Amino acid sequence: MAAQANRLGTVADNIANGSTAGYKRASAEFSSFILESGVSDYQSGSVETNIRYGVSEQGALSYTSSITDLAVRGDGFFVVSGSDAQPMLTRAGSFVEDGEGNLVNAGGFKLMGYSLVNGAPSAVANGAAGLEAINLGSVGMQANPSTEGNLYVNVDADAALVAAANLPSANATTAAFSSKTSLIAYDNLGREVTLDVYFTKTAANAWEVAAFDQSGAATGGGFPYSAAAVLADDALAFDPATGKLTAANAQSLTIPVPNGGSLVLDLSQTTQLAANYTVLSAKVDGNAPSSVSEVQIGEDGTMFIVFQDGSRVAGYQIPLATVRSPDNLDPLAGNVYMPSIDSGDMLIGFADQGGFGAIVSGAIEQSTVDLATELTAMIESQRNYTVNSKVFQTGAELIDVLVNLKR
Amino acid sequence: MSLNIATGVANSSLGANSEQIAVLSRNIARAGEANASRKTVNLITTGDGGVRAASITRASNQALFVNSLTARSAAASHQAITSSLNQLERTINDPELDASPAALIEKLGSDLQQYATTPGDITVAKSTVLTAKKLAVSLNEATSITQAVRKDADAGIAEAVTRVNELLRQFGKANETIVKGVQSGADVTDALDERDSLLASVSELIGVRPLNRAGGDMALYTDGGVTLFETTARTVQFTATSMFTAGIQGGSVTIDGVPVTGSSAAMPISSGKIYGLTQVRDDYAVSYQRQLDETARALVDIFRETDQSATPLLADATGLFTYSGAPAIPGTGTIVNGVAASIAVNPAVDPDLGGSAKLLRDSGVNGAAYVYNATSASGFSDRLLTLSDALGANRPFDAVAGLETSANVRGFSASSVAWLSEARKTASEDMDYSETMMQRSGEALSSATGVNIDQEMTRMLEVERSYAASAKLIAAIDGMFETLLAAAG
């Protein structure tokens with residue numbers, strides 16, 4: 001009867017947590033407890049209760065509108081820490097940003113991850129070393145200098161020639177050019193630097209590309225630029241048969257951005273065809289310092305920080321952890337689990353790699369409790385309990401008969 | 001599948017259906033809007049068999065859109081040219097001007113012939129001088145109208161440049177919203193519509209070529225290849241000229257430091273309102289002004305007086321017609337700017353100003369040495385016949401006026417009228433053509449990406465049915481739970 005009471009206890013817990021995100025169904029398993037008995041006599045034993053948790057069971061995902069609601073599809077647990085900074089595992093991923101910028105779930109546990117600000121994380125496969133609480137406040141206001149980009153244009157093969165003395169690279173007042181475009185790049189502090197890029201025809205199939213800092217241009221724009229604004233120039237030779245850059249020619253222009261890094265501007269797909277000057281592709285990386293607009297989490301657990309200006313950088317990598325026997329994890333209050341002796345040690349890895357599942361952003365793993373199953377279990381327990389009580393009643397009646405014999 | 005999961009699936013279907021109906025209502029609400037595109041919800045199946053709205057996309061067709069932009073730019077430039085040329089045409093047939101310079105030159109010719117037949121008749125002399133005065137005034141008026149058209153065009157360019165800068169700023173905002181939204185997976189379809197509509201407005205002012213970049217970003221270049229927008233808006237600059245007279249050049253528009261209009265333009269634009277207005281200011285109106293100046297210069301030249309002494313010592317001087325450079329005669333066959341603005345009848349000949357109309361017959365405005373009719377004979381008609389012949393004689397004209405370089409002044413003036421009418425007619429035809437093109441390309445774009453109410457209504461019925469079925473499913477699951485609970489109790 002006590003065993004059935006235990007079972008009813010798990011049913012009650014399950015039903016109560018029917019809507020708890022990341023809750024794993026508990027079940028009571030029984031094993032018989034048999035005493036030594038001879039051939040002619042029966043030593044009545046009893047039943048032993050084992051409470052099992054279906055931790056490895058996948059719950060259904062319900063989609064939400066919050067990006068920081070996370071669910072694991074497949075194996076693996078989020079690593080979280082409570083107030084005592086002890087790393088624990090959970091599947092309950094309804095994280096929200098708290099007042100300090102930490103991502104905290106409904107149980108009050110902080111989500112842990114590796115910071116990517118200083119490069120790729122050095123994950124320790126069997127421990128929580130290097131993990132820190134993910135803090136959205138700490139990545140605010142970040143500027144990235146421009147380091148690479150591309151500029152593919154078509155320069156007009158029929159453009160007029162410009163004399164050597166008047167080339168933009170000579171930076172004279174009389175400088176002339178065939179075409180010009182400008183690009184926004186960012187310096188070390190995230191200041192916008194407008195780069196003027198001139199394409200000038202010097203001879204048949206020969207062009208010059210020159211880059212200047214627009215802030216150093218003469219009044220009203222154009223030449224001559226101040227000495228500091230002259231950044232880079234190079235010759236371009238085009239193949240007269242195909243109109244493409246010759247293989248021998250440099251395929252990129254390295255521009256030293258003022259107060260910034262070296263911007264390698266890829267020109268490889270620039271062509272010289274008999275068509276008007278057309279920009280085919282123009283792109284420069286980097287971003288201005290702007291505060292965090294929102295975060296975005298990829299399937300592999302990379303947390304991107306999206307800035308106000310639309311650019312994004314990888315800020316954190318959210319790891320997943322598992323143990324050899326997830327069903328033997330020690331459940332604690334708040335839907336978290338501790339690795340126990342039975343479960344084996346914590347193994348840490350990344351989502352979508354080596355047997356780990358994928359992290360789904362904007363979803364919550366629902367409780368694995370099924371009400372219909374629990375109700376059925378409840379009815380079964382009730383019947384068992386009733387039958388047991390009948391055995392008890394019969395036993396009591398037998399003792400009554402025995403007592404009456406003596407009288 | 002358990003009952004709980006079944007409830008979850010039915011629930012997700014309800015959510016997806018409400019999302020669809022929301023998008024449908026957005027479509028229907030904006031059905032009448034020109035730049036609205038049709039939006040559709042993309043549904044995907046979730047891991048547990050449910051459904052969810054993954055994203056909202058809009059119907060778009062880049063090729064048709066770029067076509068419509070090009071057509072818009074072309075139509076805007078032709079509209080600007082046509083309306084300005086209509087203004088210029090007032091110089092030919094404006095009732096307030098009495099008549100065009102060409103008609104008055106004809107009248108002056110016939111008046112001179114009549115005066116030559118009756119050289120003693122002072123009434124005819126007065127009426128001839130009056131015609132000459134009207135001619136001078138009509139040239140003055142035509143000049144001021146022409147310069148007013150140039151000034152209006154210049155002011156129009158300044159206004160368009162201000163508007164372009166404002167539109168580019170708004171474009172930057174819409175673009176930023178889109179870039180951010182694409183990164184975070186938000187619904188950016190309305191921002192895309194807004195950006196397209198801003199782009200359409202920019203294209204009316206400047207011919208523009210959009211360049212799509214990664215992540216929904218867009219860069220803009222003018223049809224000449226100058227950067228208009230790339231991450232940030234480039235500055236479009238223009239300084240308006242406050243006063244126009246013949247020979248004064250207007251400022252040029254610079255974008256990103258590169259001049260795009262005027263003779264010094266390295267990468268000129270070739271369509272849009274700014275281009276059209278520049279054409280008027282720097283081309284049509286300038287040519288017409290030169291034709292007026294050449295006509296006026298020829299008139300001053302024809303009526304010049306020559307020293308009649310036995311041994312001529314004095315230089316030729318202006319006669320009936322005078323101008324700001326009088327009494328020197330303007331050079332032959334070379335344009336002199338501003339003659340049409342200052343041409344007037346010499347006060348000595350004008351009876352209204354105390355002059356004597358007879359001086360037309362006798363000459364001598366510049367003194368006794370220039371008197372042709374030394375005896376003051378009332379029958380002297382040689383000078384009048386010479387003048388009348390000179391009006392019909394071929395003389396050199398400057399090629400910059402854009403007309404024939406050798407013609408008589410009547411023919412030249414008539415050619416000028418024909419030139420203006422022809423330019424106006426061509427511009428008007430171009431405008432009709434480009435407006436039709438714009439309309440057609442707009443229709444093509446609209447039928448490819450616009451909202452079709454019939455289609456939306458059909459979709460609405462489908463969504464309604466699906467919603468009803470999902471709700472029914474939830475009711476059925478509820479019934480099953482009821483049964484189970486009854487058994488447990």
Side-chain angles (χ1 to χ4, degrees), chain A residues 18 58-63 67 71 73 153 156 176-185 192 194 196 214 217-218 220-222 276-284 288 293-296 304 306-312 360-363 366-373 375-376 378-379 382, chain B residues 1-9 11-12 15 46-50 52-54 175-186 209 211-217 219 221 223-227 230-232 234-235 237 239 254-259 266-267 270 477 480-481 484-485 487-488:
Chain A
Q58 170 79 44
L61 301 187
S62 84
Y63 289 87
I67 287 165
R73 187 171 57 221
V153 300
D156 188 356
F177 57 91
S178 307
S179 319
K180 178 206 168 178
T181 198
S182 65
L183 294 165
I184 297 278
E192 281 181 3
T194 310
D196 283 346
Q214 198 178 75
N276 285 340
Y277 173 74
T278 312
V279 179
L280 306 169
S281 170
K283 190 182 179 301
V284 173
S293 157
E294 60 191 0
V295 295
Q296 198 185 343
F304 291 98
V306 180
F307 293 96
Q308 297 283 8
D309 65 351
S311 58
R312 62 175 195 175
V360 184
S361 168
Q366 287 177 323
S367 165
T368 56
V369 175
D370 179 44
L371 281 182
T373 315
L375 286 173
T376 322
M378 192 174 83
I379 296 168
Q382 197 182 3
Chain B
M1 185 185 272
S2 75
L3 288 183
N4 272 30
I5 292 183
T7 319
V9 170
N11 207 359
S12 72
T46 60
D48 56 359
R52 74 186 178 105
N175 193 57
E176 195 185 312
T177 313
I178 292 166
V179 170
K180 221 155 67 176
V182 166
Q183 294 276 17
S184 64
R209 274 201 306 246
L211 173 70
N212 284 316
R213 305 203 291 175
D217 193 10
Y221 297 91
D223 49 12
V226 182
T227 315
E230 188 270 327
T231 311
T232 57
R234 300 298 192 268
T235 318
Q237 278 174 318
T239 311
T254 57
I255 302 174
D256 195 22
V258 181
M267 301 164 79
S270 56
I477 295 166
M480 288 161 82
F481 270 120
L484 195 60
L485 281 172

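Values in this document were obtained by computation on a predicted structure and should not be read as measured data. Hydrogens, waters and symmetry mates play no part in the numbers below; they use all other heavy atoms, side chains included. Within every chain, numbering begins at 1; the chains are lettered A, B, ... in the order of the sequence lines, protein sequences first and strands thereafter.
Across all non-hydrogen atoms, the minimal contact from Met267(B) to Phe177(A) is SD-CE1, 3.9 Å.
For the atom pair Leu371(A) CG and Ile477(B) CD1, the distance stands at 12.0 Å (nearest 0.5 Å). Separation of atoms CZ (Arg52(B)) and CG (Leu61(A)) is listed at 9.5 Å; rounding is to 0.5 Å. To the nearest 0.5 Å, atoms OH (Tyr221(B)) and OG1 (Thr181(A)) are separated by 4.0 Å.
Both the backbone and the side chain of Ser182(A) have a heavy atom closer than 4.5 Å to some heavy atom of chain B. Residue contact with chain A, scored on non-hydrogen atoms closer than 4.5 Å, involves the backbone and the side chain of Thr232(B) alike. When heavy atoms are compared at a cutoff of 4.5 Å, Ala60(A) approaches chain B by way of both its backbone and its side chain.
In terms of heavy-atom pairs under 4.5 angstrom with chain B, the leader among Gln58(A), Lys283(A), Gln296(A), Glu192(A) is Gln296(A). The candidate with the highest count of non-hydrogen atom pairs below 4.5 Å against chain B, out of Asn276(A), Ile379(A), Val279(A), Leu375(A), is Val279(A). Among Val369(A), Leu183(A), Thr278(A), the residue making the largest number of heavy-atom pairs under 4.5 Å with chain B is Leu183(A).
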Q: Evaluate the side chain to side chain contact (heavy atoms under 4.5 Å, CB included) criterion for residues Asp256(B) and Gln214(A): first the C-alpha distance (whole Å), next the side-chain angles of each, then the deciding distance (0.1 Å), finally the verdict.
A: CA-CA 9 Å; Asp256(B) 195 22; Gln214(A) 198 178 75; 2.5 Å; yes
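Contact check for Thr194(A) versus Glu230(B): no side-chain heavy atoms found under the 4.5 Å cut-off.
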